[in-house]
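Take a look at the structure set out below.
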Amino acid sequence: VKKNKDAGDVPHIRTPIVCVLGHVDHGKTSLLDRIRGSSVVSGEAGAITQHIGATIVPIDSITSMSGSMKSLNISIPGLLFIDTPGHHAFTTLRARGGALADMAIVVVDITEGFQPQTIEAIQILRNCKTPFVVAATKLDRVPGWRSTEKSPFLKSFGNQNERVTLLIETKVYDIVATLAEHGFSSERFDRVSDFARNLAIVPVSAHTGEGISDLLMVLIGLAQRYMEEALTLTVDGPGAGTVLEVKEEKGLGATIDVILFDGTIRVGDEIAIATTDGVSTTKVRSLLQPRPMQEILIEDRFLRVKEVVAAAGVKVSAPGLDQVIAGSPVRVIGDEPEDVKASIAREMTEINVTLSPEGLIIKADTIGALEALCKELSAHEIPVMRAEVGPVSRHDVIETETIKDPLYRVLIAFNTPVLPDAQDLLKEPAYADMIQFFTGNVIYHILEDYLEWRNNLKR
Ligand code: GTP
Ligand code: MG
């Protein structure tokens, strides 16, 4: 990975990280593919860099898509897009105890409207205070829509008959109404006058490319504003990142896919990581990037690089990575090794929630997921007594049973398995009759299930 050439003027602003969230099959990956594909028009095939788990689109490629963007004075080097396959990836992606993403795109299929995972996405973004834009996609699927390849939204919209125009207005209004229910004021992007107050909804189609340049323009606007306040994000200094995934690679053993959000990481650097046995250190053996598309047939799928600068996605190969916890921090050790290790240890235990002496017991797969669920529960004034990462154990079941208030004698497994002996215990009448057990992978469903059960109990 090279430093972006534009970074010369403003070396201290790093590439903002943009996460794409939304309901399953609503078109997140297709939208990213289109953004990637469209931005290749600049002619520089190498301009877009494919990263581990992410793609960098340099600012030149983005601004070349629209005449009006060329005149903007833009100081960010580009955008790093991360596709989150499940919405949980977003909560897993954390940086310094908060969300890793600087911004987000919430994708919603315009023909289907908001779905449970879309709602969950906006709740998480609200809790993390992450700025975002809504992409109302699959515009070409609206019955009667007449497409004009790659056209800006308003231009295509102007070509539609009255019935289609009305239908789109209705669909967009439905989105506005749903967002309002969740406390957001929003408007179709071309009607937004104050982007700091109103969320922008951009109708797009990944298949025809319509509205894509509008979407990028709104994103750049958000990024600019955000970055002006966030000058602390740099490409200098020791690297800091988040483990996206731990993966076994042929010939390399266990590797970690990392999103580097700050600083630089180099081959030979000593790094600190969080493993199931606590914080440990190791030395970077190699840094790997995917090969460019045209070289895909080459046996070795990865390109070795000497250093990587934030923000970027990179595969790190080093000894002793097999026990690393996904979603945990990675830090290059500089002058203060003990401080770095201590800060990682702290981050691993520091859950940003207030626990109550009496309340529910929650288990989840990652700290981020745990935090997201706890925040939603506390927004409904539901107290939590214990919140931990990991599968549901026998001990959890036993402890739940001892909770005095029946309204709180509740165990929640969020996106995490129940160990066999805990399962057995949950089936025993002594526990089954006493404990209410909820499991699921959508926060909002769990919350509704709990509230419904509690209402019935109170009656
Ligand atoms: P998951 O990663 O599984 O959650 O799905 P996703 O949100 O990444 O959706 P994906 O991009 O895989 O698209 C799902 C389906 O919708 C695919 O069949 C796409 O071809 C289709 N699709 C996505 N965007 C558009 C669009 O703009 N227009 C039309 N007509 N189809 C689309
Ligand atoms: Mg996808």
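Counting starts at 1 for both ligands and their atoms, following the listed order. One is the number of the first residue; the rest follow in order along the sequence.
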CD/E162: more than 12 non-hydrogen atoms of other groups inside 6.0 Å = no
Could you establish whether S205 and ligand 1 come within less than 4.0 Å of each other, counting only heavy atoms on the residue side?
-> yes
Please determine, by modelled atom types, if K315 and T255 share a side-chain donor-acceptor pair under 3.5 angstrom.
-> yes
Those atoms of ligand 1 less than 4.0 Å from some heavy atom in T137 | 27 (O)
Does V204, backbone or side chain, put an N or O under 3.5 Å from an N or O of ligand 1?
-> no
Examine L31 against ligand 1 and note whether any of their N/O atoms are separated by less than 3.5 Å.
-> no
Of all the atoms in S30, is at least one N, O or S atom closer to the Mg ion (ligand 2) than 2.8 Å?
-> no
Atom indices of ligand 1, in the order listed, that fall short of 4.0 Å to a heavy atom of S30 | 10 (P), 11 (O), 13 (O), 19 (C), 23 (C), 24 (N)
Looking only at heavy atoms, the pair that brings A274 and I344 closest together is CB-CG2, 3.9 Å
If you measure only the distance, is there a donor-acceptor pair under 3.5 Å linking the side chains of N198 and S185?
-> yes
Measure H26 to ligand 1 on non-hydrogen atoms and call it side chain, backbone, both or neither using the 4.0 Å cut-off.
-> backbone
Sorted by chain and number, sequence neighbours left out, salt bridge (Lys or Arg N to Asp or Glu O under 4.0 Å) with E169 holds for R188, R191
Checking heavy atoms under 4.0 Å, the part of D140 that sits near ligand 1 is side chain
Residue among V172, L166, T165, T170 satisfying side chain to side chain contact (heavy atoms under 4.5 Å, CB included) with I168 | V172
Using a strict cut-off of 4.0 Å, indicate which atoms of ligand 1 neighbour a heavy atom of V24.
-> 3 (O), 4 (O)
Counting both backbone and side chain atoms, is some N or O of D83 under 3.5 Å from an N or O of ligand 1?
-> no
Got a second to check how far S147's OG is from Q160's CD, nearest 0.5 Å?
-> 7.5 Å
